[in-house]
Protein chains: 2
Amino acid sequence: MPDDPRLLPMAADVPAGGPPVFERMAVVGLGLIGGSIALAARQAWPSALVIGVDRNEVLEKAMVRHAIDVASSDLMIVSEADLVILAAPVRENLALLEAVAERIAGEAVITDVGSAKRGIVAAGTALPPRVVFVGGHPLAGMARGGFDLARADLFARRPWLLTPPGEGRGEAWDSAARRVAAFVEGLGGKLETLESAEAHDRLVAFLSHLPQLTASALAGVVGEAVGEELRLAGRGLADTTRLASSPADIWRDICAANADEIAPALDRLIAALQGVRDGLGSDRAIEDLFDTANRWRETLEESINKSSDQEIRK
Amino acid sequence: MPDDPRLLPMAADVPAGGPPVFERMAVVGLGLIGGSIALAARQAWPSALVIGVDRNEVLEKAMVRHAIDVASSDLMIVSEADLVILAAPVRENLALLEAVAERIAGEAVITDVGSAKRGIVAAGTALPPRVVFVGGHPLAGMARGGFDLARADLFARRPWLLTPPGEGRGEAWDSAARRVAAFVEGLGGKLETLESAEAHDRLVAFLSHLPQLTASALAGVVGEAVGEELRLAGRGLADTTRLASSPADIWRDICAANADEIAPALDRLIAALQGVRDGLGSDRAIEDLFDTANRWRETLEESINKSSDQEIRK
């Protein structure tokens, strides 16, 4: 067992204390996101209990870094939790949802951190009434995953999306969502409640899934084409393909769960690239491409700078 | 006129002194690359004369930062130079080549820094014998251009490609290329002589031009699709579209000059993205995509890390 959690230092960018929103949290899956949630939650609410569920090898690392108070590779340990965070790959979370709900002894809120929401939000409406599912998605990933990269300030000033169910939304959901919102804000995240899981999946198909697949496809195409001359690459290729280090298992699930939204996003990029190809000989076409790209990139930079200005740097 | 150049501090990562390879250099076009060459050359060889040619507004900035000793917006000033560096956009360099060669009074070497080489290398073989053209390309760009971002250490440990002419190559070229190589190494660059301008243009179509056009197309597609919700973007989109800030004028010229090599590179990426689209429902297809991408990205990171390890950080 780790030292008394009250003796842990507080991260400067996580708001201190106040009574815990949840007294007994269980994080299922201690990768980059789950591990960071555990680290951030223990710093935000030192008196709350953080339970970790994963393989023994990962649990040991999490204990060493004082990310969790209690560790188990048996899902049974979640039975006493009042908040369960599903932080495994998307399809595993879906299977875990029912398994966790069955094991909860009293009342509890379950949330997840997956990048595709329609399936799990629909499944969440079919749970017994004492368990409420609130779909969540922190936009705080990095190119690489895994507990080793987890950090308490991963969510500071980063958006964290909540996705309400459609018809299943009621007083119980609203109440649970208010608590999850307070939890997210305690971790430093910027809460945004989207209109629906459908709206979420369409949005992230463009904001996240398309850039990922593009970076991976580009790294593959360039590598296969130039081989060892990849050593001559400049900063541009390095930036554009940074995401190509992302783990296959996470993305296999996201692609399966959001295929119908990712496909039209890919179609739009393919059409744009085909347009560039056809316009290579035309100054006007290339100027239009860069003018549009410059404009959107500027919008993006403004929001990045705004968020960094507010961030308290360590 | 700036202060005595011998009083300038030396950058830690530029090898000090030795007699100048060229006594009187002229840099035509003081953007990011040309400006950085001027800054690095004045630090490497304080006794050499650095002449800058650009618009008055840019020349004033270059004088204030002591990047150049002599400034003129009239190309006539290059007449006494023993090295002329063409650092304007690609098509402008091509027009400048002949204009510069006409104005050179004695013997001189002319080089360029453009990202497309076949046109200018071919034109270089047609110059009068007392002027030798050595095509060059430092792979040290950034997303944004302009003199304001110029820095003396821009080329430190970065590849700088030389492109020999085909049949026109002889003793004069070899001799000039040896001097340009010493100049490049004096600026901190890692010299690589490619087989030909053709090999160069094919290589950079993949290493540089394809990532640029992909980043620009992606920024445009995502921006148009999500509009103001771009503010919810995470680090992934930011990395993947960093190049989308690049200036249109530079890329209009590159696309025109290298269209026939860029087109098949775009075709390969379009085919790869179409393959991803068709494989969205298949775990195997997505795993293959990520395995290939992970592997090439690792190769790329190894070479980036190797180059950063060697870099002397300020």
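Here the side chain of Asn294(B) pairs a donor or acceptor atom with the backbone of Ser246(A) at under 3.5 angstrom. For the pair Arg297(B) (side chain) and Ala238(A) (backbone), a donor-acceptor distance under 3.5 Å is present.
The pair Arg144(B)-Glu301(A) meets the salt-bridge criterion, since a charged nitrogen lies less than 4.0 angstrom from a carboxylate oxygen. Comment: Arg295(B) engages Glu224(A) in a salt bridge, judged by a side-chain N to carboxylate O separation of less than 4.0 angstrom. Salt bridge Arg91(A)/Asp283(B): present, at least one basic N to carboxylate O contact under 4.0 Å.
At a 4.5 Å heavy-atom cutoff, the contact between Gln274(B) and chain A is made by backbone and side-chain atoms alike. For Glu192(B), the part lying under 4.5 angstrom from a heavy atom of chain A is the side chain only. If you measure heavy-atom distances from Ala143(B) to chain A, you find no contacts under 4.5 Å at all. Within the 4.5 angstrom heavy-atom criterion, atoms from both the backbone and the side chain of Ile262(A) approach chain B. In this structure, no portion of Pro138(A) lies under 4.5 Å from any heavy atom of chain B. Using a 4.5 Å cut-off between heavy atoms, Leu243(B) touches chain A through its side chain atoms alone. With a threshold of 4.5 angstrom between heavy atoms, Pro211(B) approaches chain A through its backbone and through its side chain.
Atom CH2 of Trp251(B) sits about 10.5 Å away from atom CD1 of Ile286(A), to the nearest 0.5 Å. Interatomic distance, Leu237(B) CG to Leu210(A) CG, rounded to the nearest 0.5 Å: 9.0 Å. In this structure, CG in Leu194(B) is found 6.5 Å from CD in Glu229(A), a value given to the nearest 0.5 Å. Here Thr241(A) contributes atom OG1 and Trp296(B) contributes atom CH2; the two are 12.5 Å apart, rounded to the nearest 0.5 Å. Between His137(B) atom NE2 and Leu232(A) atom CG the span is 11.0 Å, to the nearest 0.5 Å. Residue Arg235(A) holds its CZ atom at 10.5 Å from CG of Leu139(B), rounded to the nearest 0.5 Å.
When all heavy atoms of Val221(A) and Leu269(B) are compared, the closest pair comes out as CG2-CA, 4.0 Å. The two atoms that bring Val226(B) and Phe206(A) nearest to each other are CG1-CB, 3.6 Å, heavy atoms only. Taking both residues in full, the closest heavy atoms of Ala293(B) and Ser216(A) are given as CB-O, 3.4 Å, listed atom of the first, atom of the second, then distance.
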| query | What do the steps show when you test Asp260(B) against Leu280(A) for side-chain contact (heavy atoms from CB on, under 4.5 Å), and what is the final call? | reply | CA-CA 9 Å; Asp260(B) 59 335; Leu280(A) 281 172; over 6 Å; no
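Atom CD of Glu195(A) is surrounded by 12 or fewer heavy atoms from other residues, nucleotides or ligands within 6.0 Å.
Residues Val222(B) and Leu300(A) fail the side-chain proximity criterion, which asks for heavy atoms closer than 4.5 Å.
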